[in-house]
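One structure below.
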Amino acid sequence: MSQIQPPALRVETVGPIARITLDRPDALNALTAQLIADLIGALDAVAAQQDVRCLVLTGAGRAFCAGQDLRDPAVAPNGSTPKDLGTIIETGYKPLVLRLRSMPMPTLAAVNGVAAGAGVSLALACDLVVARRGAAFVQAFSAIGLIPDSGATWNLPRLAGRARALGLALLGDKLGAERAEQMGLIWAAVEDATFDDEVTRLSERLAALPTRALVRTRALIDAGLGGTLEQALDAEAAAQRELGFAADYAEGVAAFAQKRAPRFTDR
Ligand code: T3D
């Protein structure tokens, strides 16, 4: 087990699974400019580790992430100098979300507690989201005069539909994990007592699956949401052509024929 510890962030790799833990529990793991930069750096480092086949993103303490740290002087609209939030998004949140969405391995958000603002967007940028039943999701933006960001206006209507996206975004109510699952916002709400075991089980399952095919699947599903059927069929053919020549396909078919579990290795 290896461990590096930049401030407010823990990165641990155990076997094929990397776990990044946002670690500012006293501030509900709210994001400062420094933490965003550290998180992008940590994601880059995990992406470069060839033996990592699943990334878990979670939070320390009772929260997953409360979004932007509203006490960070870099964003606080205190005094007479308003801050350029567009630049903060362009230089921080945008690269962070794009980095997370393009990781070369499946990603799992383990939402251990409340997620608010950009904290929800971070979770929704992952491939699977599992949440403790006691966790909640809050579109906290309207309460402070902002619009949902970090991909929320893209994700929410796609996952939950326009009516629910608007209800969540305008009203900013706390959405319990169970209801989030019912709305299709997340993969699963899990009993608090079994949450850790379920995260371990899911991450091990994801790590054992053919990484390259999973990552291509994510890209195709994201592209398909905005494209035509013909474009999707063409993109599927191109991806399948590539995967058909790769080792995992040969291994998968051989394992099927030999009635054994496959051992996938492609990244
Ligand atoms: O600004 C830009 O750069 C643009 C980008 C914006 C992206 C965004 O994410 S904007 C949205 C920012 N986030 C919020 O507005 C969420 C604010 N927090 C809350 O609504 C609530 O705290 C929660 C719903 C997350 C949790 O509520 P609750 O009742 O469980 O906890 P609490 O008592 O409100 O908070 C506990 C502590 O965490 C408290 O500190 P204290 O009083 O014990 O010293 C609270 O101030 C602190 N905290 C919570 N959220 C943040 C925070 N500190 C800094 N920043 C926060 N976002």
Side-chain angles (χ1 to χ4, degrees), residues 7-9 20-40 43 57-101 109-126 129 131-157 159-160 165-180 183 185-186 189 192 195:
L9 197 62
I20 298 182
T21 305
L22 303 172
D23 196 10
R24 301 185 66 217
D26 292 347
L28 305 189
N29 304 316
L31 300 161
T32 60
Q34 185 60 52
L35 180 51
I36 291 172
D38 288 345
L39 186 49
I40 294 172
L43 290 168
L57 179 65
T58 193
R62 73 175 177 90
F64 175 73
C65 173
Q68 170 63 44
D69 187 328
L70 299 176
R71 295 174 180 160
D72 185 349
V75 301
N78 50 355
S80 56
T81 30
K83 304 298 189 306
D84 183 344
L85 300 188
T87 300
I88 288 167
I89 289 176
E90 285 160 1
T91 57
Y93 287 100
K94 179 181 172 187
L96 171 57
V97 169
L98 291 177
R99 171 69 281 192
L100 195 46
R101 195 66 165 201
V111 179
N112 52 301
V114 68
V120 180
S121 302
L122 273 193
L124 299 186
C126 292
V129 185
R132 278 184 195 274
R133 209 167 284 274
F137 298 82
V138 192
Q139 293 298 316
F141 305 92
S142 63
I144 55 170
L146 297 181
I147 53 97
D149 67 17
S150 308
T153 62
W154 189 87
N155 269 322
L156 288 178
L159 294 168
L166 279 168
L168 293 170
L170 302 189
L171 301 174
D173 291 341
K174 264 190 187 175
L175 180 74
E178 210 165 350
R179 186 89 179 95
M183 281 190 183
L185 209 61
I186 66 169
D192 293 0
F195 176 75

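Just so you know, ligand 1 is whichever comes first in the structure, and atom 1 is the first atom listed for that ligand. The residues of the chain are indexed from 1 along the displayed sequence.
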Of the choices [options], which has the non-hydrogen atom that lies closest to [atom]?
{"atom": "atom 53 (N) of ligand 1", "options": "R71, R62, K174", "answer": "R71"}
{"atom": "atom 25 (C) of ligand 1", "options": "A116, S142, A140, G117", "answer": "A116"}
{"atom": "atom 1 (O) of ligand 1", "options": "Q139, Q68, R24", "answer": "Q68"}

Examine [X] against ligand 1 and note whether any of their N/O atoms are separated by less than 3.5 Å.
{"X": "A118", "result": "yes"}
{"X": "L70", "result": "yes"}
{"X": "D149", "result": "no"}

[atom]: the protein heavy-atom neighbour that sits closest, reported with distance to 0.1 Å:
{"atom": "atom 2 (C) of ligand 1", "result": "L85 CD2, 3.7 Å"}
{"atom": "atom 49 (C) of ligand 1", "result": "L28 CD1, 3.7 Å"}
{"atom": "atom 48 (N) of ligand 1", "result": "A27 O, 4.2 Å"}
{"atom": "atom 18 (N) of ligand 1", "result": "A66 CB, 4.7 Å"}

Check your understanding: What do the steps show when you test T32 against L35 for side chain to side chain contact (heavy atoms under 4.5 Å, CB included), and what is the final call?
Key -> CA-CA 5 Å; T32 60; L35 180 51; 3.4 Å; yes
Review point. With backbone taken as N, CA, C and O and side chain as the heavy atoms from C-beta onward, which portion of D69 lies under 4.0 Å from ligand 1: side chain, backbone, both, or neither?
Key: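 Answer for D69: both.
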Review point. Ignoring hydrogens and geometry, is there a side-chain-to-backbone donor-acceptor pair from S150 to S121 under 3.5 Å?
Key: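 Between the backbone of S121 and the side chain of S150 there is no qualifying donor-acceptor contact (under 3.5 Å).
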Any protein heavy atom at under 4.0 Å, with [atom] as the reference point?
{"atom": "atom 13 (N) of ligand 1", "value": "yes"}
{"atom": "atom 40 (O) of ligand 1", "value": "yes"}
{"atom": "atom 57 (N) of ligand 1", "value": "yes"}
{"atom": "atom 21 (C) of ligand 1", "value": "no"}

Measure across [X] and [Y] and return the closest heavy-atom pair with its distance rounded to 0.1 Å.
{"X": "V138", "Y": "V120", "result": "O-CG2, 3.6 Å"}
{"X": "L22", "Y": "N29", "result": "O-OD1, 3.1 Å"}
{"X": "G59", "Y": "N112", "result": "O-ND2, 2.9 Å"}

Inter-residue atom distance [X].[atom1] - [Y].[atom2], 0.5 Å rounding:
{"X": "L156", "Y": "L166", "atom1": "CG", "atom2": "CG", "value": "9.5 Å"}
{"X": "I186", "Y": "R179", "atom1": "CD1", "atom2": "CZ", "value": "12.0 Å"}
{"X": "T87", "Y": "K94", "atom1": "OG1", "atom2": "NZ", "value": "12.0 Å"}
{"X": "L170", "Y": "F141", "atom1": "CG", "atom2": "CZ", "value": "13.0 Å"}

Check your understanding: Which atoms of ligand 1 are found less than 4.0 Å from any heavy atom of G67?
Key ->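 The atoms of ligand 1 under 4.0 Å from a heavy atom of G67 are 9 (O).
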Point to revise | Positive for side chain to side chain contact (heavy atoms under 4.5 Å, CB included) with L122, one of V111, L100, V129 | key: L100
